[in-house]
Structure formats: C-alpha cells, structure tokens
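Computed from a predicted structure; not experimentally measured.
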Amino acid sequence: MKYNFNEIEAKWQKYWAENQTFKAENKSDKPKYYVLDMFPYPSGAGLHVGHPLGYIASDIYARYKRHQGFNVLHPQGYDSFGLPAEQYAIQTGQHPAITTKENIATYRRQLDQIGFSFDWSREVRTSDPKYYKWTQWIFIQLFESWFNYDTNKAEAISALIKIFETEGNANINAACDDDIELFTAEAWNNFSSKEQQSILLQYRLTYLAETEVNWCPALGTVLANDEIVNGVSERGGHPVVRKKMTQWSMRISAYAERLLQGLDTIDWTGSLKESQRNWIGKSVGASVAFNVIASEAKQSANNENTDVTLSAVEESHKIEVFTTRPDTIFGVSFMTLAPEHELVSKITTPDQKAEVEAYIEATAKRSERDRMADVKTITGAFTGAYAEHPFTKAPIPIWIGDYVLAGYGTGAVMSVPCGDQRDYDFAKHFGIDIPNIFEGIDISEVAFADKDKTVIANSDFINGMNYKKATKRVIYELEQLGQGEGKTNYRLRDAVFSRQRYWGEPFPVYYVNGMPQMIDAKYLPIELPEVEKYLPTETGEPPLGNATVWAWDTNTNQVVSNDLVIPTERGTRDEESHNGIYPLELNTMPGWAGSSQYFNRYMDPNNDEAIFSKEAIDYWQQVDLYIGGSEHATGHLLYSRFWQKFMFDKGYVNHDEFAKKLINQGMILGTSAIVYRISGTNKYVSKGLKGTYDVEELRVDVNMVNASDEINIEALQKWQPQFNDAEFILEEGKYIVGREVEKMSKRWFNVVNPDDIVTDYGADSLRLYEMFLGPLEQYKPWNTAGITGVHSFLKKLWKLYIDDNGLKVTDAIPTKDNLKTLHKTIKKVQEDIENFSFNTSVSTFMIAVNELTAQKCNSKEILEPLLVLISSYAPHIAEELWEALGNEGSIATVPFPEFNESHLVESSKNYPISFNGKMRFTMELPLDMSKDAIEAAVLANEKTQEQLQGRTPKKVIVVPGKIVNIVG
RNA sequence: GCUGAAGUGGUGGAAUUGGUAGACACGUUGGACUUAAAAUCCAAUGGACAUUAGUCCGUGCGGGUUCAAGUCCCGCCUUCAGUACCA
C-alpha cells in the first residue's frame, strides 16, 4: 500500500468534522488551556503559504496540550469588517456583506484542508450583527464610565454625577479634557440639561469632541495614529492632512500608566513590549511656566501708539513648557515655540511681525513628510518678545522654530543649548548664547546630555548637585514660586474612534439637541442600514448619510425612516419638533473595535444574553498563548489591553491582561525568480552568462522553477505570450534564473498558493515544511523545492509501518536501541514544543525514523507512541497509521507518551580526550567511574603516553560524561 | 540618531547554554535500478595540503578571560526590523 496523502487527509478532515473531535466544553474536570490565533481579515486574494505559519504553530501546541490532558480552547473566526470589501462595493456595487461571505468561504476551505484542530462551533465574525451587538454594548459601557485617578480605575458616570451634585468638580482627580472649568455643586444643579451633558462628555471614557484629526482625503476618512506610516496612510500610501472635526474618541490616555505597568506582568516578546513602551512614551519631568515680559511688549505697543490696556493683557501671558531636565533650568538662554503655538500672534512685536508671519507661512506649506525628511536644516524666527526666567528674572528671547512640535507636550520648550543638541544647533545657527552649566565639561563642539554624569555649575542654589538632587530641588523651588510642578508626560494620545465608512459597526447613538444619547442595550444590535451607494453624500457626510431608514424612534425604540429628520449638522433641531424621532450617528467604528474583545467572546460565542457568561469567563479566565504578527504592536494589541483593563474595572473579567503569553511569528517571504532579457532584444540569457550583456531583469512566476533554479521553458512560454518566440541562451542546456528574497506579492509573481502544495505534497508535508523552514519568530524565505525533504520523510514514516504486503508492525519486544531512540525522541520533542522550537523537532522525527528504519524496528510498543509524538505536527498520517494499528477513534486525545530516563542511561561513553584543549582521540569508559579512576585510566592509556612522550601533565580536567582534558 | 534582533558551508538552519562546530534538510557530484525519464536507494560534500592513517586553517573583524570560546568580557564593522526633531 502506498502513502496516498490526498485520500487520507480528506478522510480524516471529514472524520474530525463529523465527530466534532476538537469541540471544547465550558465545563470539564481537566485543566483548561486557551490557545489563540490572530483571526484573519478575509481578503479576496485568499491565503498564500505565508499566512498559515502561525496557525500551524498554534495548532501543534494546541494538539500537544490535548495530549497532555488539557481541555483546550482553540477557536478561529474572521475580522470581517474593513476597507477592501467596501472599496470593492464602491467599484462594483456588490454589497460588502456578499463579498465578505464569499471570501470567508474561500478562507474556510483553505484552512480546512490544512487540518487545523479549530473548534468551529465557536466561530465569530465581527461583521455579524449577533457579534457586533456586543461591540456596541461595550461602547455604551465606556460612555457610561469615567476614569478616577484616585482609585486608578474606571467608575460609573452616575457616581460622578452624584459628586457634582454634592460638591462640584473641584476635588475630582479624573482623566478628562484639559480645558475643564471648575464649578460648584450649586452651579452644577443650575446648569441646563444640555450644559450638564456637555460637561459629562469631557469626562466619559468615550467622548465626542472637536479634535484635530488625521484626515485622508483619498480614502475619505480619518485615520488613527497607528494607521499612518511616514506621514502617509498605511493602506494605499495616500497623503494625510490635519483637520478639525467632531469625532468620537476613546480616552485610552487615562490608562497610560496601567498599560505601561501591565507590561511587566505578561510574558510577551521584548521587542513588542518595547514598541508599546515607546508608543506610550512616558517622560518624567516638570512643567514650568515662564511669564512673558510685559515691558518689552508695552514698549513696542507705545511705539505704535496703541491702547495702554494692551500691557495688562500682555502681562497675563504665560508660556507653559514641559521639560525632562528641570536641573538645567539655569542653562536656558532662549525659548522656542512651535509655529502653530497660539501665543505666537499675541506676543510677536510689530518689528518682527513680518518675519514671523513669513516663517509661519513657509512652514505651513511644508507637508508633514517634508518636515520629517528634512530634519537637518535649521529654521526659525525671533518673535521680538522676551520671557522672564523664574529664578534669575533675566529676560529670555522667545523664538519660534519648527523643530518644536505643536502636538507634543505644550508645543513650547525652554531651550538649554548646553544640554540638548537640537537647542545647541539652533543657538549656534542664530548666534544665541550658550551658557555652560556643567562642571568640567567642554561644550565648545557639542551639547552634553548625559544625565548620569551631570554635575551642575553656575546655577545658584543647585551648584554641585547631580541630576537627581538638582531636579528635586528645582521642582520644589518652582512650586514655592507657583511657577511649576513635577509632571509626567505621555506621548500616547486618545484614539479617534469614528470612521467615515460604511462597512463597520454602527454606533448605538442618536442625537437630541446635538447631544449624543445612547440607545438602551436591550434594543441592540443596531444593524447597519442598507444604502444605495457606498460613497460619502454630496454634502460630504459619511456613507450612512445615504441611508433612508436611519433615525431612532424613541416611542417604539426602533430604527425608522428618516423622512422626518433630515440629516444635517448635529444639534440643529429641538426635541419637540419631530415627535421623538431623532437622527442616528452617521459614522461607523474603526477596524480595531471588533477585535478588542473577540478573545473573550470565543469563550461563549452564542450567548445572546451577555457578551459571555460568568461561568465561561470564570472557567477560561484569559488567553494562555497568543500567536500573531508583530505588526499589531501599537494597534490591536494596545487597544485590546485597554478594553480588557476597562472590562476588568467593571468586574466583567478576572484579569486585567487578556493574554498571558504572546509569540510573534515571523513572516514567510517569497523567493522571486528573475530572467535576464538582453536590452532591446527578445533574447534571454541564463544567469551565469549574463555578465557580458546589458540586461533587464524580469520577474517570472516562481512556480515554474525547480530546486536547481532551472526554469521550465515550455511552462514559461505558456505563461506569457512574450516568451513564445523568445530566444534563450542556455548554460549546460539549462536556463538558470536569478533569485531575490522579498515580500510575497502578486506583483513579483512569487506567491505560492497552499492549495497547490496540498494537492502535490499533502497538508502534512505543508505543515512540517513550514515548521522546518526555521525558527518561528524569524523572517524566512519560502522555496517550494525544499519540501521534498519533509515529504520523503513522511513516505519513509509510512514505510516503517506499511509495505506492499500490508501492516509490518508486530508485537515484537523492542530492542534496547529501539527504546533508546523512542525515549530520546520523546524527550527532545517535548522540550522543543515547550520552547516553541518546532523546526528542530521536525529534524528529531527524521532522525528517529532513520534510526528505527536502520534498526528494522517493527515493534508496536515503539511505533505506537511514536505516532502520538508526530500527530501534533502531521495529524493526518498519524491518524491513518493509528487506525491501521487497530486503534479505535482519534489519536488526538491519546495521552502523550511518558518519558523514561532509564532507557537513555548507558553503561559507558566515548570520552573525547584532549590535550591543551585540542581533541586527539576518544576512549570508551564506564559512566559510573569516579573522577580519579577516569583520570588514572586515561593516563595509563597507551595513546595518552604516546602523546605525553614521557612528560608529566600539569593538570588533568575530567568533566564526568563529557570530556577529559590533559594540560601539559 | 535611538531601541531591539542577528551575523556559522553553495542554501535553510543545528549545537545539550563554556566541552568532538556544521545535526537535519535542500542543492551539487558519483554510483545502483531503468530502454529512458521520474521515483527510490547507496556514497561523498567547510577550506587547503596529503588522498593510506594524516596535518593545518576555519562560526563578521580586532583584542581579552579560560585547560577549553560560535557561546563569556571589551572595542569595532555589517545586515534586518521598529521608531523618530518627544523637549
């Protein structure tokens, strides 16, 4: 009987589906284990061989854990809202739901044929109303919450209202908008309902605010910071501009500190934690207020004969800065404001006005991209105004410069040229003073920024102090003056949550008097309305503006036709005028909304009463192992941690981190094939001969190239007509292609489809080969040619059990060698899986099969447990042989074979004998010999004596079981 | 610039954490089987000299520690990834 993988694989995939072999129960006596993959976005192109890499690894681990006796949850689903389906709809008019459904069917077929042990009864789709009902529900929960810095957690908004009613907001330490105004309890109670609502919005964890957003005109939508790469949109590479819009935001900044602290409690990769730390960007320092000197302004004002009241206004100007180096405050010789800073126009003196305005205009013209690309050129302008040093009271010139960013900190810095290179360069360029405040440091060439080596000089009350002491003292003195305080700044911004798109979750929100109202959770889901076109409306509203049935009837609590409410700007109608029917929110939620709690929904995915039951979350707790790509470091993985912490605060989940351990799988790259066309001809020259010609490189389909880089010319001619009448210059009768490793992409013709691999070699070969390619975390090129190695391993494995006469396995008593091979393999494979080095265990299997074949092993006692080891990696062949051995049912639930050390223990070992560290020969010695006895035996040996030539060795080093080194 | 990871045969990659470097696989070469090809099997395969046994050199470069270094320490170089005027 031959190894007919296609037949075997189809048979067992059917068996697993029919018997629900991998269905996980929410109740079990077994310990639980939760293995999660990042669910895919079902794109129209389907899977290529790079996609399943992480899924194969997690599947091996999940299967291993089942063998270990765990109740394993290993679900899969689809992140099925998103832009490509919507753009396809714009182009073709086909509803995104249909596109999505078709794509999911393709994905499912492709996933199924690789033989994953997913529990498909728990599948989720983010675009399914039954699922996004709960995304909407979480949104409502966030709306009804605020963040209390005193308790460091989210609390109910109703509790906040109680505090407002009894004591106002003066004592509240909350995460809220910056420009909040203080009010008393009395004032609160006298506010109108609308005023109250608008104040509460400034505290809510999701809030509506006019914010400056990243607007992408080409995509017609706003983007979050993590969706922009190098100043252009991540998707499509379109330019992005800053624009003010009223948008929903998530107050993730409230959780900045907890998101940072939490990283220490989870077993995620170092680089991933590092990117999150950078993204959160905590910096500790002080905020300092510099008073703008009025006299200068007054003087210039007098010169212009303007009203004297101006001086009073000028006097109140303060420039607030954030610094991480309060200890260098005596080194300040100028201040720099971002050109966009609001004070610029107010403090600029008439003399400087023209210059400053010209500069602002010039910088405004530069795009974000130009500004980033060109950081070397130093530009700026003097405002003519001066600020007063808080301690020395000396006047400090105020400049503007585009090296100061409006979006970070306060958009203004105190410039210390001796301690910061950018300030130094700026000062040098404009001829500003560079006072030295560091003891024994030469600053004639560069600034000195080493905190740890700092000793302060020329600085009044902090002379001689180090960084730490000086910082503390300066902050204290600033506080005494009322001109500053210790402050921690975070780079993390609140996340914009509105998208001007169709294919996303609708908000459960309607508007009364312009104020957002939540729809009661019991009426969820609010389903996405039908629209005729998926583009924004003529008036520039989001696509939902095209919906005719998109108003909320508060009498019947359902979505109704919006005939009565003409959608216009928010807040233009009053309550009475349309009988309780109000406009619904026209934006939809961003892509990350649906993926921020899906891991918890898998625990109880069909629950219509709650996002998940208490029993389910109490049983499954959190994800034990999460495998996915590192590209989600500052997106999905940060937002999910944020929502999880919120869910924890609300008492819905038991852990404030959702995944204990996370592994980033690397990417599988393509190996493109290149042919060389001699310029201006239709002649193609083989790689080895191209040296003498002037050639153009053309990429061709990699699937036509064999393991020796030889292209199949017939296939090439069939592939594209331009090769039909081409001439080929061969070397040794072959056309050899060039190779280039790059991202797998249609445009390079280097995409390899797993369907083809499965047809030609089988799913087990695919699974083994993907693991065999190299360490999981690493980026590595795919080359189909190499798959023959693992494929012939499977054939050898088959032959170990079955030959032309049928089953070879007998009840023969295993030999010592058989047992040694088996137990060595058990040990190694177990270690490998637990260390996630799946690549080396494939080698281990190959060695085991080679050894057992050489030993002519046919003992069931050896070959049966061997199958269990292999079944995590190559489940189909393992099942088939398991059945051939006469077993009933699936191998998936059979216990992992027990390792028995005694089979590995040997009585003697070949010791390497080295002289001065250089190996000379080996010597067989019993393992139970003492160190001294070994030493004596080695010295007495003939060969040793030969090497020593009569000399006495200085030292003999014996490492039991390892080596004997004679030092002489 | 900063942060992180990594440099080992023609290629992908092993190396029990300081103990015989190059496991396993691809590729290449030679051989067996075959009319032939495919498939399969066997042998060789880091380099140089010797082709009988052997010797020397070899893990990016230069030092160091050690009886012993791919592994540890110091100083460089290169590549990849992330991030970037963050005050």
ask   = Does a side-chain N or O from A/Gln778 land closer than 4.0 Å to OP1 or OP2 of B/G13, or not?
value = yes
inquiry  = Between B/U20 and B/A15, how far apart are the two C1' atoms, rounded to whole Å?
reply    = 11 Å
note = Closest to the 5' end of RNA chain B, once A/Leu773 and A/Lys962 are matched to their nearest nucleotides, is A/Leu773
inquiry  = At 4.0 Å (heavy atoms only), tell me whether A/Ile957 reaches a base, stays on the sugar-phosphate, or touches nothing.
reply    = base
message = Quick one about A/Thr363 and A/Asp402 (side-chain donor to acceptor, distance below 3.5 Å, no hydrogens or angles considered), yes or no?
response = no
inquiry  = Taking A/Arg277 first and then A/Glu274, would you say they form a salt bridge - that is, a charged N and a carboxylate O separated by under 4.0 Å?
reply    = yes
task = Please state the C1' separation for the pair B/G62 and B/U45 - nearest whole angstrom.
result = 32 Å
request  = State, without any angle test, whether A/Glu851 and A/Thr821 hold a side-chain donor-acceptor pair at a distance under 3.5 Å.
outcome  = yes
query = A/Ser843 side chain: which of B/C24, B/G13, B/U40 is closest?
reply = B/C24
ask   = Are A/Glu257 and A/Lys282 close enough, and set up right, to give a salt bridge (Lys or Arg N to Asp or Glu O under 4.0 Å), and what steps lead you there?
value = CA-CA 8 Å; A/Glu257 188 59 33; A/Lys282 180 181 183 175; 3.1 Å; yes
inquiry  = Any side-chain N or O of A/Tyr408 below 4.0 angstrom from OP1/OP2 of B/A87?
reply    = yes
Separation of the C1' atoms in B/A37 and B/A53, to the nearest angstrom = 43 Å
ask   = To the nearest angstrom, how far is A/Trp279 atom CH2 from B/C2 atom C1'?
value = 16 Å
key: Strand RNA chain B as a dot-bracket string - pairs counted if Watson-Crick or G-U with both distances under 3.5 Å, | where the partner lies in another strand   = (((((((..(((......[....)))((((((.......))))))((((....))))..(((((..]....))))))))))))....
request  = Starting from P on B/C86, measure out to CE on A/Met414 and report it in whole angstrom.
outcome  = 15 Å
ask   = Can you tell me how far P of B/U11 sits from CD1 of A/Ile736, to the nearest Å?
value = 17 Å
ask   = Given the P atoms of B/A84 and B/C72, what is the spacing between them in whole Å?
value = 32 Å
request  = Decide whether A/Thr671 and A/Asn783 meet the rule of one side-chain donor and one side-chain acceptor closer than 3.5 Å.
outcome  = no
query = To the nearest Å, how far apart are A/Asn835 CG and B/U16 P?
reply = 11 Å
task = Return the minimal non-hydrogen interatomic distance between A/Ser686 and A/Lys734, and the atom names on each side.
result = OG-O, 3.7 Å
key: Pairwise C1' distance, B/G54 and B/G4 [rounded to whole Å]   = 47 Å
inquiry  = Between P on B/A39 and CD1 on A/Ile787, what's the gap in Å once rounded to a whole number?
reply    = 15 Å
inquiry  = Base, sugar-phosphate or nothing for A/Pro775? Non-hydrogen atoms, less than 4.0 Å.
reply    = sugar-phosphate
remark   = A/Lys828 NZ to B/A14 C1', in whole Å, measures 8 Å
query = Expressed as a whole number of Å, how far does the P atom of B/U55 sit from that of B/G7?
reply = 31 Å
request  = State which of B/C24, B/G4, B/U40 makes the closest approach to the side chain of A/Ser271.
outcome  = B/G4
task = Tell me what A/Lys796 touches on the nucleic acid: a base, only sugar-phosphate, or nothing, going by heavy atoms under 4.0 Å.
result = sugar-phosphate
request  = Answer yes or no: does a side-chain N or O of A/Lys795 lie under 4.0 Å from OP1 or OP2 of B/U40?
outcome  = yes
message = Please classify the glycosidic conformation of B/G75 as syn (within 90° of 0) or anti (everything else).
response = anti
message = Less than 4.0 angstrom between a side-chain N/O of A/Arg422 and OP1 or OP2 of B/C86, yes or no?
response = yes
Sugar-phosphate, base or nothing in reach of A/Thr788, heavy atoms under 4.0 Å = sugar-phosphate
message = Using a 4.0 Å heavy-atom cut-off, does A/Asn916 contact any base of the nucleic acid, only the sugar-phosphate backbone, or nothing at all?
response = sugar-phosphate
Syn/anti label of B/U17 as read from its glycosidic torsion, with the cut at 90° from 0 = syn
Nearest-angstrom distance from the residue atom CG of A/Asp425 to C1' of B/A87 = 14 Å
task = Verify whether one side chain among A/Asn489 and A/Ser283 offers a donor that lies under 3.5 Å from an acceptor in the other.
result = no
ask   = When rounded to the nearest Å, what value does the distance between P atoms of B/U17 and B/U8 take?
value = 23 Å
task = Name the closest nucleotide to the A/Ile847 side chain, picking from B/C85, B/A23, B/U40.
result = B/A23
Phosphate OP1/OP2 of B/A25: any A/Asn850 side-chain N/O under 4.0 Å = yes
query = How long is the line joining CG of A/Leu405 and P of B/C85, in whole Å?
reply = 6 Å
query = Can you find a side chain N or O atom of A/Ser708 that sits less than 4.0 Å from OP1 or OP2 on B/U28?
reply = yes
inquiry  = Whether A/Ser283 contacts B/A87 is assessed here as follows: a side-chain N or O lying under 4.0 Å from the phosphate OP1 or OP2. Is that the case?
reply    = yes
key: Integer angstrom distance from the C1' of B/G70 to that of B/G58   = 11 Å
note = RNA chain B nearest-nucleotide lookup for A/Lys799 and A/Glu274: closer to the 5′ end is A/Glu274
Check: A/Leu53 main-chain N/O paired with A/Gln665 side-chain donor or acceptor under 3.5 Å = no
query = Does a nitrogen or oxygen in the side chain of A/Asn839 sit under 4.0 Å from OP1 or OP2 of B/A14?
reply = yes
inquiry  = Side chains of A/Ser415 and A/Thr336 only: does a donor on one sit below 3.5 Å from an acceptor on the other?
reply    = yes
query = What about A/His791 and A/Tyr769, are their ring centers closer than 6.0 Å?
reply = no
